[in-house]
Each structure stands twice: as structure tokens, then as C-alpha cells.
Asks: 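Just dropping this structure here.
Reckoned from all heavy atoms, side chains included, excluding hydrogens, waters and symmetry mates. Naming: A, B, ... by sequence-line order, numbering from 1 per chain.
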Amino acid sequence: MTDFVTVSALAARIGNGAKLALPVDYAGVAMAATDAIIARAPRDLHLVCVPTGGLQVDMLLGAGLVGTLETSAVSLGEAGSAPCFVRGVRGEAFRLMDATCPAIHAGLIAAQKGVPFLPLRGLIGSDLVTRRPDWKVIDNPFGENDPIVLIPAIEPDVCLFHAPEADRMGNVWIGRRRELATMAYASKRTLVTVERIREDSLLADEKTAAGVLPALYVDAVAKVPNGAWPYALWGEYAADGEEIGRYAEAARTQEGFEAFMAARAEKAA
Amino acid sequence: MTDFVTVSALAARIGNGAKLALPVDYAGVAMAATDAIIARAPRDLHLVCVPTGGLQVDMLLGAGLVGTLETSAVSLGEAGSAPCFVRGVRGEAFRLMDATCPAIHAGLIAAQKGVPFLPLRGLIGSDLVTRRPDWKVIDNPFGENDPIVLIPAIEPDVCLFHAPEADRMGNVWIGRRRELATMAYASKRTLVTVERIREDSLLADEKTAAGVLPALYVDAVAKVPNGAWPYALWGEYAADGEEIGRYAEAARTQEGFEAFMAARAEKAA
Amino acid sequence: MSVATPPVTHNERLIFTVARLLEGVRHVAVGASSPIPAAGAMLLRALEEERGGAAVRLSILGSVEHNFFTNGGVELFDCAAQGRIDAFFLGGGQIDGQGNVNLVGVGGYPTSKVRWPGSFGSAYLYHLVPRVILFREEHTPRVMVEKVEFVSAPGVTPPEVYRRGGPKALLTGRGLFSFDAERGGFRLESVHEGHEVAEIEEMTGFAFERPETVPFTPDPDPATLALLRGRVRDELAETYPGFAARMAAEISKAA
Amino acid sequence: MSVATPPVTHNERLIFTVARLLEGVRHVAVGASSPIPAAGAMLLRALEEERGGAAVRLSILGSVEHNFFTNGGVELFDCAAQGRIDAFFLGGGQIDGQGNVNLVGVGGYPTSKVRWPGSFGSAYLYHLVPRVILFREEHTPRVMVEKVEFVSAPGVTPPEVYRRGGPKALLTGRGLFSFDAERGGFRLESVHEGHEVAEIEEMTGFAFERPETVPFTPDPDPATLALLRGRVRDELAETYPGFAARMAAEISKAA
């Protein structure tokens, strides 16, 4: 059954060494939970960006919590490059597993289906394939001289995202952002922050049911209004581009990053 | 772009030898289109039941339109066994490709993803594997002495189902019956009958958007109120168990089947 | 004023046995036309709630009301592969002593003299759901055979085959067997009231182990029976109105 | 009263060129922060509508309004594999003469002196989308290199590799190249007004073919230009308000 907890208690469920899956910037990023995670400071996280990372990932990198980063890209979008990511790559601050978007999806879907791998077209000839010895190229057993890449299952310990609402049973409205469901299916535990909690069941009406991640997959929910800020939440509010820009500017140095984060934590407290 | 046509014109798009995917009895069966197909009488259809068949499949078998039947089961549910199916198996009236539900899903998802196969756990030790030489058992390249079945992609020429509504752009509301989307993704063409057509876009509201199959995948729509009868349509109407029972009774002989179908066609005309 | 409780009926005994077999599960999936397995799961859920035990989820396939899946037909199978389904029920036109089930037919293949609907998801779920309960009311040599003619789903597999599920028990109209995966065979655990070991031996086409004295299948205690006849039957009536009505009629007749 | 039409701006020329490169496509996908490719697709859509030609679909990734996908982030990639996406755009921190693109970085790997965001979906879409247009405004020897330091996505692959897509053209701030998949190299097709072949040769780190006389990149005719400055800019403003405003300002300045 789904637990309803504070954002701090939610963050406490992400332990040292956890493989943590996080969504792309427009899918519903649990930004408020980022501060709670940084406050608890789990060590040696393995981040899986689904399929790319942004502000949240850059903050976790800057806070030094990340041992491994598996992603197809990290960027602040319009605000430019992700400063802690760029600095960390240069300084070898973490192990890097460069991927490509459909490979991340394929790995999660393999886990969703409980199979060891999924085949994926494309990729051959990319240096990613040589840099990812965990990917294998085999000859398609249904073809002849037809090399194809196999992507191993990605099985996160935990995934974390932000959504508009949950109901009291623990069902979560994810709308058409179905990669959030894929993350939850693939992960051992799913943590969700939401704008609001409603009393009636999201599954009661077939209209809303279609966009629901069932409680079966949801371990804990924390209510955090405006919890994706400064990112947008689809159907709810727009991104705060200026705040993202302020971060991009501040985090150009590690000191600037730390000052920014301290101010952010103070504001949240 | 999506064409809006009569059910007869819709049925005319299913040609001789077409590989035709059809949904399970509770997912939205285009029953009214069945009569239109039988009236046009395409030959040598290859039916793919997603993942099992019922009344519609039994009728197409009884009408002698089917060359190959690929299915995990055919049954009339509470009304008992599917008479034309049972008779056809006994008389070798068609080629039979016995499957298991997740293998049908896997084959369609492989087609959805444009990959030649999907791996699937289970199955090993079942006579299905020996009876389906198109399935292959390989040693999992990520394991050791770990046999796993590969299911080849199922690429239907066309799929056909019934849904509550479409909009004027050709978007179709499929709610949480996502196997209908999988069928459409996997198929070259998608034909849909609907209860009603609405003027405003189903994609305009994020609440309804989550359950929409986009027009991109929808080739033609025909409006047929009550088009799943005597099957149920989720969220709309219940099954007419008595009518299914009457069919089960009548179709116990080929003559009885033909008389039933003639009466049905007359009623529809 | 005291009213004698009508005795436990056959169906109630089966339902209670199913609930016992499900003890400890968190999530049970049952087929659309399986009222006894569903009732057993509902009874366990009610018992656990009364005890303050772990919550029990029940998914009824094909039902709109008791279906909390939102990813279409594939979700059950994905969910099983993720280890999120603890128990499932399988029937079978034939069941043999190695736990193999045949849902396809007899008298040749692909041309079968008697053809059943087909294998459904059995070939998959039998490997992946930890606790599969074989449930078949008809217990005759026609059904309980030495060797099935078509293996829809195998009871045992070679050690190298990935498998984390399989048969745990076989419940019939006459008795209850457990399955020993190591040995690959059944053991008679109990006979239902009104039946006998000799009768079961005669009606079973496969060899099985048995204790020297085979007990009767336990009946529910009065509190459990009351729960079954009250809340559980009400819940059951929502999805299986015909079966719930029949259960009520059986009790009146017995009273 | 006659008002002189302000001359075609650089951005308008690029947009028109994109529309020409997309001719005949039914479905174009563009990245979230790619206003010029999006504008080119919008222009083509408007032109086709005026001509009564085939409808053109445009998917803008990451946009809620211009996104008719309903299956999450994977749908774009599935859709491409199904052959339902005809054209896509790729940039690149480095692009080389074999059509390889580098979106990862330079100065070592995994430790890179200059690190860019990463490969995104390039390694996949480059193989599967029939018409990939490389678009990079900056045309300097730093970007247009002889050999990329990291191949995010290869321009050509051995014949046995399943591939039904790849680079068709390279559009930069200075000119337009076509790509010959057979030969695995670029050919200069045109230079933009205000630029010269010698300049392009100097600013390009890789060898390329060229006709003896390289024409100027064509400008839109007045009707097309009017469509671009009217309907297309209005549509563009919904998703890229900043860029649409800049375009308008450029025209006022030029007038």
C-alpha cells in the first residue's frame, strides 16, 4: 500500500548507492524533493536519466552525491549547458555512462517486462556502442548477417517524479507522460511528489483512469505544491526560465553553486 | 489523414490475404464491421487475435474467410466454446498458429518498435514452442546457460476495432485499452468503428488526451452506434449474453451458423 | 432465539481452501470466469483486514470494476514478470502427474478431435507467478491423466530454465493435492467431506504420494463462515451475480 | 500607395531552404529548441495547404501544444522505427566530412575538456529517419572538422547494417551541402547571399565536392515570403515567441 509522507521522509527512502531514475525536464521533475535529498546526502547514487537530465541532475552532481551518471544528455535547455555536469566530466567526479534516448527507454522496458534485454535498431557505428561494453551486438537470429544491438535491462532501485495529483488510494495521475509509468514498472520502488491529493478515486472514471499510474506501483507520495518549480508541470504551470537562468549563472563555479543551493534551502525551510 | 467512411467502405479496405489484427472480446470488438467484411468476403485472411478471439473470429472462420489463425485461444466465454473454431480445427479448415497471450503482445510490441523480435520469459517446456518453429530459443547473451525464447515481430497489414468516440481530426478515444494502441502502432493500417464522432479535439484536454490514439495511426473511421453488439463496450454498454448464447447454440452446425448469419445480415440491412 | 447455522456447502469449502492456499499473498490475479478463486481471494482479503494483516489486492481479468490496470492487456504479464503478482489460478482440460496442463485439446494436433479454447497466458504465467493453484472441479480419469496430450504449460522444467513460479497445489471437487517441484509430482493432502481416498485413487489417472492417513479438508470456523456468507458474498455478487445467488440457494437448501 | 517589401533576411532564407529540403515529407519531428527547422516545416505545411497538396504533420518534442503523441517519450522513437517520421534535424558540436556528428565533446573521453550535453536520440534516429537534415548555424573549422572526436551518430555504416535513414543535407549559416551516402561525403550545393565559395572552403575542415559554378541559395518568391511573414510567423510565435519577435525586428531593420 502507498504511504503518504513528508517530502523529507520521501527523500529518506533514497539510500546510499541507490540506482535512482529521474524524468526528463518536461515530464514532471520532483524539484522540491531535490533539496530534501541533498539535505539527507545519500552517497554514491547511480542516476538514470529518463532519458536526459537537467537542473535536478546538475544539482545532485554539484552536491557530490553521484557515483555514476547514466544519461543521453544533461542540459539546462534554453539556459545552456549544465555547469556541474560539465565540471564533473572534466574532473572525473563520477563514472559516466553515455547513452542514447531510445536505449534508456529500451533498458527500462526490458525491466518492465522482466527480460534481460531488448533489441534496438540504429546505434551501430556510434562510439557509444564501443564505450558501453554492457551493450552487446549480436547477429539477428531471424536474419542473416544482420547485426543488432541488445540493450540490457535497467532496473532502478527507486524512481522519483512529480505529478499533478494522487488520490487517497495512492493512484497517481500521469496523463500522457507514460515514461513515468515505465519508470515505475521498472523500478523496485516509486516515490512521487504531487501538487494535491484528492479524496475520490482516479480510477473511478474511465476518462481519468486512462492517465493513471495505479497505486500497485506507488510506494510513497508526498504533497508538495509547486513541487516542480522552477520547471514546468504539464497542464499546471509554466517553467520559471529566469530562475533556471540564475542557477546556470551562479553554478558556473562550485562556490557559486553552493551559495545558490544554500539560499534555496533557506527559502524552502 | 484519417478518412471518414461507411462501415462497408471500411470493410472494403481489408483485402485478400490481409493479416488482420483483432482485439479481445472486452477491449472493443468491431462486431458490426464483421457483417460488412463477410459481405465483401475477402479470401485467405490471416487473423491475429490480440491475444484471444471470440464471436467475431468465430464468424469469420464460419464464413470461410480465414486461411491462417494466430491466437492464444478462441472462446465465447460464458457461452462456451466457439463452434466454428472447434469445427474448423477438426476439419483442418485453416492453418493454426497456437500462441500464448504475452507472446502475441510481444510480437506486436516488436513491430511497434521496429525490431525483429522481443525476448520473452516462460514458455520453455510448453509444446507451443515446438509447434511454433517461427519462435526461436537462444542462450541469453547476458547470461550463461540461460535459454530464452525470442518472439518474432507480428506486423499486421491492418487492424480493426470499435471505440466509443473519434474526433473530426481522426483521433480515437481508447481509454486504458492500450493494446488497441499497440495494434495500431504495429499495423500498416488501422480501421476503427466508433459510437460517435465529436467535433472538438480529443487532444485539447490533457484529461482526455491520455486515453487517445492519435490520428497519425488511424487510417479510416466509420460511425456505427452500438457497433460492438452483442459484445460490451467499456464505459458504454454491457454485453448481450443472450444473443451470444443464441449464436453459440445456432452455430453448432454449419447450416445453423449460416441461417444465423443470414438473419443477422437481414437485420443489419 | 437461536438459529442453527446451515452446514458448510461444497463451494464454501472450496472457497475456504483457496483462501488457505493463498495465505500470505499480497496480489492475486484471477480469470474473468473464475468465481471460486475470486471468492477465495476476497475471503483472504476480508480475513486479513479483520486481523489487521497485510492488504491483499485482487485483479479480476476482463473486469472493468476490479481491474486497476491501465496499460492494456500486456500489464498483467509485465506485472507478473516484475514479481508483483503472487498467485494465479490455472485450470486445464487435462492435468497430469508432473503438473503439466493441457488447455489445447485431445485427439491429435493441430487437428484435434476435441479442441479447447487454447493456452491463453498459461505457458508464461506458470513460470513466473510463484504460487500457481491448479483448480479443476471435475476430478475424473479423463481430466487427471498420466500424461497430457499437449503441454500448454509444463509443471517442471530443466534446472537451467529461468523459472520462479509453478504449481503449488491442485484443488479439485474431491480433494486437495500439494505439488513437490523437486520430485515433480503431487501428494494428496486432504479429501473433501463426502469423498474417500479410494475413490480419489480410482478417479486419478496419475500416481501420487499420500500420507498414511489422509485428513478431511478443513472447514471454516464459524466467524470465517459468517464473513464468507456476509461481506464476501456481497462483494462476489458485484462481479459474479449468478454464482453468488447460487451460493445463497445452496445454503437455504442445506438449512 | 505602394510599400516596398523589405528584403529577405538571413533567417528567412534558412527557413525557406529548410522548407525546400522537406518537400514531399508527410511528418517532420523537430527538437524543442529548434525554431528554424520548426519554421521551415510550418512553411512547407502552409505551402502544401495553399497548393492543395498532401498534409504535413509537425511534431515538436517537449511541447505540450504541438505534441500529438500520447505514449510518452518512447513514442517518437517507436514512430520513427515504424517509418512514420520522414524527416528530422540534427545539430552537432562537430560535424565531419563523412557526415558523422559529435554531440558529446572534445578533448578526451570520458574526461572531456569541452563537454556538450550528449548524444540524445541521434545514434538511433540517424539510422531510421529517411531524411535527416544537419543544421548548424556556426560554420567554422572548429565545427566542420575533418574527423569528429566522438561519433555520436555515424554518417555512413557498413552495408550489412540495417539502415533506412541518414544525412541528406547540411545547412549552415554560410551555405547548403547535399550528402552522397554512396560516396559518404558532402557536395556544396549553394552559398547564401553575402558569402563566397572561397570563404566556405576556408571555414570548412573537411573536403567536399562542388560544381564548377556554385549558385546562390534561392530566396522565396513574394507569395511565399508573405506566407512566411504572416501565417507562419504567427504559428511560430505560439511556440517560439522570442524567435518570432526577433524575426519581425530583423525585417523592420532591413526595411
Side-chain angles (χ1 to χ4, degrees), chain A residues 23-27 49-53 71-75 77-78 81-82 85-92 95-106 108-109 120-129 131 140 143 145-148 174-182 232 234-235, chain D residues 31-33 61-64 67-78 80-81 98 100-105 107-129 148-165 242:
Chain A
V24 64
D25 51 14
Y26 53 78
C49 303
V50 185
T52 63
T71 190
S72 305
V74 182
S75 150
E78 303 284 306
S81 67
F85 166 68
V86 169
R87 198 156 52 237
V89 168
R90 206 183 294 131
E92 284 182 276
R95 184 168 75 105
L96 188 58
M97 297 172 74
D98 258 296
T100 179
C101 305
I104 302 248
H105 291 300
L108 291 171
I109 292 170
L120 193 65
R121 285 299 189 188
L123 280 64
I124 295 172
S126 165
D127 284 343
L128 292 172
V129 178
R131 293 301 185 158
N140 168 17
N145 191 21
D146 176 19
I148 188 165
I174 59 165
R176 34 179 175 157
R177 299 267 41 107
R178 296 204 63 82
E179 62 266 59
L180 301 177
T182 304
W234 39 273
Chain D
S33 35
L61 311 180
S63 146
V64 174
N67 169 7
F68 52 76
F69 288 145
T70 59
N71 198 29
V74 80
E75 189 170 1
L76 167 72
F77 304 106
D78 288 351
Q98 289 77 53
N100 299 311
V101 301
N102 174 3
L103 297 158
V104 161
Y109 184 89
T111 313
S112 311
K113 282 210 193 83
V114 177
R115 170 71 202 207
W116 300 312
S119 301
F120 292 95
S122 64
Y124 179 85
L125 294 171
Y126 215 27
H127 287 63
L128 291 176
V129 177
V148 297
E149 288 186 47
F150 187 101
V151 179
S152 284
V156 290
T157 37
E160 72 272 17
V161 173
Y162 177 94
R163 182 161 196 168
R164 56 158 197 253

Asks: Work out which heavy atom in D:Arg115 is nearest to a heavy atom in A:Phe85; give both atom names and the distance.
Replies: NE-CZ, 3.3 Å
Asks: Could you tell me which residues satisfy salt bridge (charged side-chain N to carboxylate O under 4.0 Å, His left out) with A:Arg178, sequence neighbours excluded, listed by chain and number?
Replies: none
Asks: Side chain, backbone, both or neither: which part of A:Ala99 has a heavy atom under 4.5 Å from chain D?
Replies: backbone
Asks: Among A:Leu96, A:Asp98, A:Val86, which residue has the highest count of heavy-atom pairs closer than 4.5 Å to chain D?
Replies: A:Asp98
Asks: Just jot down the side chain to side chain donor-acceptor pair (under 3.5 Å) partners of A:Ser72, sequence neighbours excluded, or say none.
Replies: none
Asks: For D:Ser152, is it the side chain, the backbone, both, or neither that has a heavy atom closer than 4.5 Å to a heavy atom of chain A?
Replies: backbone
Asks: Where on A:Arg95 is there a heavy atom nearer than 4.5 Å to chain D: the side chain, the backbone, both, or neither?
Replies: neither
Asks: So among A:Thr52, A:Thr71, A:Thr100, which one has a side-chain contact (heavy atoms from CB on, under 4.5 Å) with D:Phe120?
Replies: A:Thr52
Asks: Side chain, backbone, both or neither: which part of D:Tyr126 has a heavy atom under 4.5 Å from chain A?
Replies: neither
Asks: When you look at CD of D:Glu160, are more than 12 heavy atoms from neighbouring residues, nucleotides or ligands closer to it than 6.0 Å?
Replies: yes
Asks: Does A:Ile109 form a side chain to side chain contact (heavy atoms under 4.5 Å, CB included) with D:Val74? I'd like the steps, not just the answer.
Replies: CA-CA 10 Å; A:Ile109 292 170; D:Val74 80; 4.2 Å; yes
Asks: Looking at every non-hydrogen atom in both residues, tell me the closest pair between D:Glu149 and A:Asp127 and how far apart they are.
Replies: O-OD2, 4.4 Å
Asks: Looking only at heavy atoms, what is the nearest atom pair of D:Pro154 and A:Ile124, with distance?
Replies: CG-O, 3.6 Å
Asks: Tell me the closest heavy-atom pair linking A:Arg90 and D:Lys113, and the distance in Å.
Replies: NE-O, 3.1 Å
Asks: Kindly give the heavy-atom pair with the smallest separation between A:Pro102 and D:Gly121, and that separation in Å.
Replies: CD-CA, 4.0 Å
Asks: Looking only at heavy atoms, which two atoms of D:Tyr162 and A:Arg121 are closest? And how far apart?
Replies: CB-NH1, 3.4 Å
Asks: When only pairs under 4.5 Å are counted, which of D:Pro110, D:Gly105, D:Ala153, D:Gly108 shares the most heavy-atom pairs with chain A?
Replies: D:Pro110
Asks: How long is the straight-line distance from OG of D:Ser122 back to CG of A:Leu128, given to the nearest 0.5 Å?
Replies: 7.0 Å
Asks: Is it the backbone or the side chain of A:Leu120 that comes under 4.5 Å from a heavy atom of chain D, or both, or neither?
Replies: side chain
Asks: Which one, D:Val104, D:Leu128, D:Thr157, D:Val161, leads in non-hydrogen pairs under 4.5 Å with chain A?
Replies: D:Val161
Asks: Quick check on A:Ile104 against chain D: is it the side chain, the backbone, both or neither that has a heavy atom closer than 4.5 Å?
Replies: neither
Asks: Return the NE2 to CD distance between A:His105 and D:Glu75, rounded to the nearest 0.5 Å.
Replies: 11.0 Å
